[in-house]
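Structure first, then comments.
Order of appearance sets the numbers: ligands from 1, and atoms from 1 within every ligand. We use all heavy atoms of the structure for the numbers below, so side chains are in, but hydrogens, waters and symmetry mates are not.
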Amino acid sequence: MAVFNLRAYDDHEQVVFCRDKESGLSAIICVHSTALGPAVGGCRMWEYNSDEGALIDALRLSRGMSYKNALAGLKMGGGKSVIIGNSKTQKSEALFEAFGTFVNNLNGQYFTAEDVGITPADMAIVHRKTDYVLGLEGRSGDPSPVTAYGVYKGMKAAVKHRLGRDSLDGVKVAVQGLGHVGYYLCEHLKSEGAQLFVTDINKESIDRVVSNLGATAVDKDEIYSQEVDVYAPCALGATINDVTLPQLQCSVVAGAANNQLAEDRHGDILKQKGILYTPDYVINAGGIINVSFEQNGATYNKQNALDKVDEIYGTLLEIFEAAEKESKTTNVVADELARKRIANAKS
Ligand code: NAD
């Protein structure tokens with residue numbers, strides 16, 4: 001299996017393959033960059049089809065964290081880890097303790113946290129073996145409200161740039177996914193007078209937003225074709241694709257979901273259609289910003305975290321303006337800016 005030649009390897013500083021026979025742990029820890037500070041990124045537990053698939057996923061996610069942390073203006077690099085296995089049937093205390101020991105052996109080069117397939121209880125076990133864990137219970141808490149606040153601020157930046165409006169009053173927003181982030185986002189939007197068109201696969205989630213916030217419910221397949229100002233993807237990734245793009249009627253895409261563009265070329269198509277794309281890892285950085293305020297034993301202060309999240313607005317305006325000036329897509333400009341910040345820190 002190729003490693004250094006993999007496209008996803010992309011100048012990773014360190015990749016650690018972790019094996020503990022007794023507990024059955026097979027894990028990969030990727031440290032993409034520590035130029036801006038210790039690498040920070042969650043741990044995912046997933047039953048991958050192959051070791052190569054696990055490695056590529058970890059490498060891509062790890063680089064993504066470098067870019068996200070750099071553009072959030074954090075003194076943190078990027079990393080990520082994956083535990084290979086079924087999160088429903090293969091968890092044990094010994095497995096998470098073994099993982100914690102591997103994280104600890106990196107001496108603070110990498111901080112781990114929760115991600116897909118991992119619960120706060122799992123991370124508490126990892127913490128028995130290492131202090132290099134962020135987002136533990138009783139510290140900065142649920143990141144979702146802070147992520148939602150950042151998405152709200154980022155949406156305001158996009159609406160300002162694309163529609164020239166300072167307020168979301170009367171702005172029509174189609175929100176897809178009314179889970180942890182989506183619901184809080186709707187609260188912010190409603191409080192500023194936005195008109196909400198919402199969908200979810202869970203009827204109870206829709207009913208809650210309709211009755212509490214006066215939103216209009218929309219069928220899940222019709223969310224893309226709503227005649228709205230903003231489409232806010234807050235459910236799954238890859239919802240901007242060849243099937244949905246022809247349906248979009250909005251001027252702005254701004255939402256919480258990770259990896260919204262199925263492929264980079266879909267950013268080009270959005271641009272051709274005159275739709276402003278708000279790069280996902282910039283607008284959804286509120287959660288990682290929140291958690292960063294408990295690093296190095298700092299006493300967590302929510303207001304300080306929210307003040308930092310406010311910076312998402314200015315970062316996005318900078319990206320939108322550069323994209324316009326250089327005739328590039330916003331996703332390309334964001335990647336370039338992130339690489340520049342990391343390179344500057346290195347030099
Ligand atoms: P969540 O699981 O709480 O909510 C997702 C919601 O989307 C659920 O209510 C689910 O029923 C709904 N959904 C799933 N498939 C759907 C579909 N096809 N159509 C409509 N609705 C659908 O997750 P969350 O924590 O709110 O996160 C939302 C997105 O934001 C995810 O992509 C996540 O990766 C990303 N994100 C979250 C955070 C955070 O702090 N929670 C931070 C950064 C990025």
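- V181 N, 2.8 Å is the protein heavy atom nearest to atom 26 (O) of ligand 1.
- Looking at Y224 and Q176, their side chains do bring a donor and an acceptor atom within 3.5 Å of each other.
- For atom 3 (O) of ligand 1, the nearest protein heavy atom (residue, atom name, distance) is H180 ND1, 2.6 Å.
- At a 4.0 Å cut-off, at least one heavy atom of G177 sits close enough to ligand 1 to count as contact.
- With a 4.0 Å heavy-atom cut-off, ligand 1 is reached by the backbone of S144 and by its side chain too.
- In terms of protein heavy-atom proximity, atom 4 (O) of ligand 1 is nearest to G179 CA, 3.3 Å.
- With respect to atom 28 (C) of ligand 1, the closest heavy atom belonging to the protein is C234 O, 3.2 Å.
- Between D242 and R265 a salt bridge is recorded (basic side-chain N to carboxylate O distance below 4.0 Å).
- Atom 43 (C) of ligand 1 has as its closest protein heavy atom N284 O, 3.6 Å.
- Between K308 and E311 there is a salt bridge, with a side-chain nitrogen of the basic residue lying less than 4.0 Å from a carboxylate oxygen of the acidic one.
- Comparing A256, A235, P143 by heavy-atom distance to atom 31 (C) of ligand 1, the nearest is A235.
- Ring centroid separation for the pair F111 and Y132 comes in under the 6.0 Å cut-off.
- In this comparison of D142, N258, D115, D221, the heavy atom closest to atom 34 (O) of ligand 1 sits on N258.
- For the residue pair H180 and S144, no side-chain donor N or O sits within less than 3.5 Å of a side-chain acceptor on the partner.
- Y313 pairs with exactly one of D310, V309, L317, T315 by the side-chain contact (heavy atoms from CB on, under 4.5 Å) rule, that one being L317.
- Within the 3.5 Å criterion, the main-chain N or O of A70 finds a donor-acceptor partner in the side chain of R341.
- Protein heavy atom closest to atom 8 (C) of ligand 1, with residue, atom name and distance, is D200 OD2, 3.5 Å.
- Ranking protein heavy atoms by distance to atom 40 (O) of ligand 1, first place goes to T147 OG1, 2.7 Å.
- Scanning all protein heavy atoms for the shortest distance to atom 19 (N) of ligand 1 gives I201 CG2, 3.9 Å.
- The pair E227-K172 fails the salt-bridge criterion, with no side-chain N (NZ, NE, NH1 or NH2) lying under 4.0 Å from an Asp/Glu carboxylate O.
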